[in-house]
Amino acid sequence: YTLNLLKLPWLSTTVKLTTYQNFYPKSFDIETKKIVEEPLHLSYHTAEVNLKGPVFYKIFNLRGGKLKHIFEPKVDFKYSTQISDEDYSKLVKFDRTDFPQYSVLGFGFTTRLLYKKNDSEESPREILSYTASQKYYFEPEQAGMRIPIFETKEYPEFSELSNSLRISPAKHVSLNLSLSYNYYLRQFQRINATLSLTDKEGIVSGKLGYSSYKNPYLSPNFYFNRDMINGSARLKIPGFPVELNGGISYDITTNEFRYGSAIAQIDYQCMKFNLEFKVYSNRFGTYSQFRFGFSLGEMGAVSDLMGGNRP
């Protein structure tokens, strides 16, 4: 059940009440250490309060246009009832959805810059956006699925500090940067940076990105603890019936290519041909794939079979 307590342009508050009734046909026997044919019922409830605002803004008059600065704080609180330790020990854990809810307090803010030219009829364009957020766990063990930090063997009460920055100096150009800092290990847990050119009507578009991930709850040799470089590009010349797309993924940690693709799309009359070549590489080996296909579209009556004008 969700209720909007306040819905103002500068302030909004939402209350959400949820009940969870989970039924499992099997459970885990603590004594025999085996899964048995004994059903398990877990029941717990949550209450959430989401507060966004108050929103502050200021407009600056520039020579060629106007600049609007917006500041939006946000607070989220969720309280969850708990199940007994006995029932928890009987639960067969498969993934995160099998773990009960927990109480948490989230807080953060978003600040944005919007720009509009004086002679423009378009909507203001966002040129910068920055968000910082963090969470406090009232039940740290359950928040981390009862898995402590690998090095310190502690359950963190605070989540990593998440930061995201988006800069858009031009209409179709943007730089996205996200960082997650772990206070307990004094290091960045996640780093993602992407430079994008997203002009769909332009001749060239694409993305170039870098990512780094370190899981603090598992061994440093964890397979997905790695640094990667990813890129994609599209080439479409106006009036030319061929569109080319390509992508690549390179593993900096192991100095290996993980993925590569080359795709050609050809439009001829009412037919569209697709040629694809892809190469995948993982810990089990390297695999290649080639595909060819075609589709029909824009069918209609024409004066001659080879593509004359429609009558």
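By the neighbour-count criterion of 12 heavy atoms within 6.0 Å, atom OH of Tyr217 is densely surrounded, having more than that number from other residues, nucleotides or ligands. Around atom NZ of Lys78, more than 12 heavy atoms belonging to other residues, nucleotides or ligands sit under 6.0 Å away. Within 6.0 Å of NZ on Lys207 lie no more than 12 heavy atoms contributed by other residues, nucleotides or ligands. Atom CD of Gln289 is surrounded by more than 12 heavy atoms from other residues, nucleotides or ligands within 6.0 Å. Counted within 6.0 Å of CZ on Phe109, heavy atoms from surrounding residues, nucleotides or ligands total more than 12; the atom is thus considered enclosed. In this structure, Lys171 places its NZ atom where only 12 or fewer heavy-atom neighbours from other residues, nucleotides or ligands lie under 6.0 Å away.
Rounding to the nearest 0.5 Å gives a distance of 7.5 Å between OG of Ser211 and CG of Asp227. Interatomic distance, Leu175 CG to Leu165 CG, rounded to the nearest 0.5 Å: 7.0 Å. Note that CG of Leu67 and CG of Leu114 are 8.0 Å apart. Values are rounded to the nearest 0.5 Å. To the nearest 0.5 Å, the span separating CZ on Arg190 from NZ on Lys214 amounts to 11.5 Å. Atom OH of Tyr24 and atom CD1 of Ile35 lie 13.0 Å apart (nearest 0.5 Å). Taking CG of Asn192 as the reference point, atom CG of Leu179 lies at 8.5 Å (rounded to 0.5 Å).
Put simply, the side chain of His41 reaches to within 4.5 Å of the side chain of Phe23, judged on heavy atoms. When side chains are defined from C-beta on, Tyr115 does not count as touching Lys66, because their heavy atoms never get closer than 4.5 Å. For the pair Ser205 and Thr198, the minimum side-chain heavy-atom distance is 4.5 Å or more. Here the side chains of Lys278 and Tyr280 are in contact, with some heavy-atom distance below 4.5 Å. Looking at heavy atoms from C-beta onward, Leu40 lies in side-chain contact with Asp87 at the 4.5 angstrom threshold. Two residues are said to be in side-chain contact when any heavy atoms from C-beta on lie closer than 4.5 Å; Pro39 and Pro25 fail this criterion. With a 4.5 Å cut-off on side-chain heavy atoms, Phe158 and Lys135 do not count as touching. For the pair Leu275/Phe273, no side-chain contact is recorded, criterion being any heavy-atom separation below 4.5 Å from C-beta on.
Residues Thr18 and Tyr20 have side chains that never bring a donor and an acceptor to within less than 3.5 angstrom of each other. Looking only at atom types and distance, the side chain of Thr131 has a donor-acceptor partner in the side chain of Thr110 under 3.5 Å away. With 3.5 Å as the limit, one finds a donor-acceptor pair spanning the side chains of Thr14 and Asn4. A donor-acceptor contact closer than 3.5 angstrom is absent between the side chains of Asn50 and Glu48.
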Checking side chain to side chain contact (heavy atoms under 4.5 Å, CB included) for the pair Ser168/Arg125: CA distance, chi angles, key distance, verdict?
CA-CA 9 Å; Ser168 182; Arg125 184 173 61 87; 3.5 Å; yes
Quick one, Tyr155 with Ile149, criterion side chain to side chain contact (heavy atoms under 4.5 Å, CB included). Give me CA distance, side-chain angles, the key distance, then yes/no.
CA-CA 6 Å; Tyr155 300 98; Ile149 294 179; over 6 Å; no
Are Tyr259 and Ser261 close enough, and set up right, to give a side-chain hydrogen bond (donor to acceptor under 3.5 Å, both in side chains), and what steps lead you there?
CA-CA 7 Å; Tyr259 171 78; Ser261 67; 3.3 Å; yes
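Remark: Arg226 qualifies as a cation-pi partner of Tyr223 under the 6.0 Å distance and 45° angle criteria applied to the six-membered ring. Lys68 forms a cation-pi arrangement with Tyr57, by the criterion of a distance under 6.0 Å to the ring centre and an angle within 45° of the ring axis. Taking the ring centre of Phe60 as origin, the terminal cationic atom of Lys58 falls inside the region bounded by 6.0 Å and 45° from the ring axis.
Across all their heavy atoms, Ile203 and Ile237 have their closest contact at CG2-CG1, 4.3 Å. In plain terms, the two heavy atoms of Lys116 and Glu122 that are nearest each other are CE-O, 3.2 Å. Listed here is the closest heavy atom pair of Ser27 and Glu38: OG-O, 2.8 Å. Considering every non-hydrogen atom in both Val173 and Pro169, the closest pair reads O-CD, 3.6 Å. Tyr210 and Ser212 make their closest contact through OH-CB, 3.6 Å (heavy atoms, listed as atom of the first residue, atom of the second, distance). Residues Leu11 and Gly53 share a closest heavy-atom pair of CD1-C, 3.7 Å.
The backbone N or O of Ile70 lies less than 3.5 Å from a partner atom in the side chain of Thr111, making a donor-acceptor pair. Side chain of Tyr130 to main chain of Ile167: no donor-acceptor pair is present (N/O by atom type, distance under 3.5 Å, no hydrogens or angles). A side-chain donor-acceptor contact under 3.5 Å links Arg234 to the backbone of Lys200. Side-chain atoms of Gln21 never come within 3.5 Å of backbone atoms of Thr19 as a donor-acceptor pair (strictly under, hydrogens ignored). At distances below 3.5 Å, not a single donor-acceptor pair connects side-chain atoms of Asp199 with backbone N or O atoms of His172. Counting only distance, with no hydrogens or angles, the side chain of Asn282 and the backbone of Gly285 share a donor-acceptor pair below 3.5 Å. At least one donor-acceptor pair closer than 3.5 Å links the side chain of Gln134 to the backbone N or O of Ser159. Counting only distance, with no hydrogens or angles, the side chain of Lys236 and the backbone of Phe240 share a donor-acceptor pair below 3.5 Å. Formation of a donor-acceptor pair under 3.5 Å by the Ser103 side chain with backbone atoms of Ser80 is found in this model. Counting only distance, with no hydrogens or angles, the side chain of Ser219 and the backbone of Asn221 share a donor-acceptor pair below 3.5 Å.
At a threshold of 4.5 Å between side-chain heavy atoms, the hydrophobic network of Ile, Leu, Val, Met, Phe, Trp and Tyr places Ile248 and Ile252 in one connected group. In the hydrophobic cluster analysis, where Ile, Leu, Val, Met, Phe, Trp and Tyr join through side-chain heavy atoms closer than 4.5 angstrom, Ile263 is grouped apart from Leu244. A single hydrophobic cluster is seen to contain both Tyr183 and Phe188, as judged by linkage of ILVMFWY side chains at heavy-atom distances under 4.5 Å, directly or through other members. Grouping the Ile, Leu, Val, Met, Phe, Trp and Tyr side chains by contacts below 4.5 angstrom, directly or via other members, places Met228 apart from Phe222. One hydrophobic cluster holds both Leu208 and Tyr250 under the rule that ILVMFWY side chains link at heavy-atom gaps under 4.5 Å.
Ion pairing between a basic and an acidic side chain is recognised when a charged N comes within 4.0 Å of a carboxylate O; Glu276 and Arg291 show such pairing. Using a 4.0 Å cut-off between charged nitrogen and carboxylate oxygen, Glu72 and Lys74 do not count as a salt-bridge pair. Ion pairing of Asp76 with Lys16 is absent here, as no side-chain N (NZ or NE/NH1/NH2) approaches a carboxylate O to less than 4.0 Å. Salt-bridge formation is not detected for the pair Lys34/Asp29: no Lys NZ or Arg NE/NH1/NH2 atom is positioned less than 4.0 Å from an Asp or Glu carboxylate oxygen. Between Glu37 and Lys26 there is a salt bridge, since a side-chain N of the basic residue sits under 4.0 Å from a carboxylate O of the acidic one.
A distance of 6.0 Å or more separates the ring centres of Phe77 and Tyr79. Tyr137 has its ring centre less than 6.0 Å from the ring centre of Tyr102. For Tyr213 and Phe224, the distance between ring centers is not under 6.0 angstrom. For Phe290 and Phe292, the distance between ring centers is not under 6.0 angstrom.
Apart from Phe284 itself, the hydrophobic cluster it occupies contains Tyr287, where clustering links Ile, Leu, Val, Met, Phe, Trp and Tyr at side-chain heavy-atom distances under 4.5 Å.
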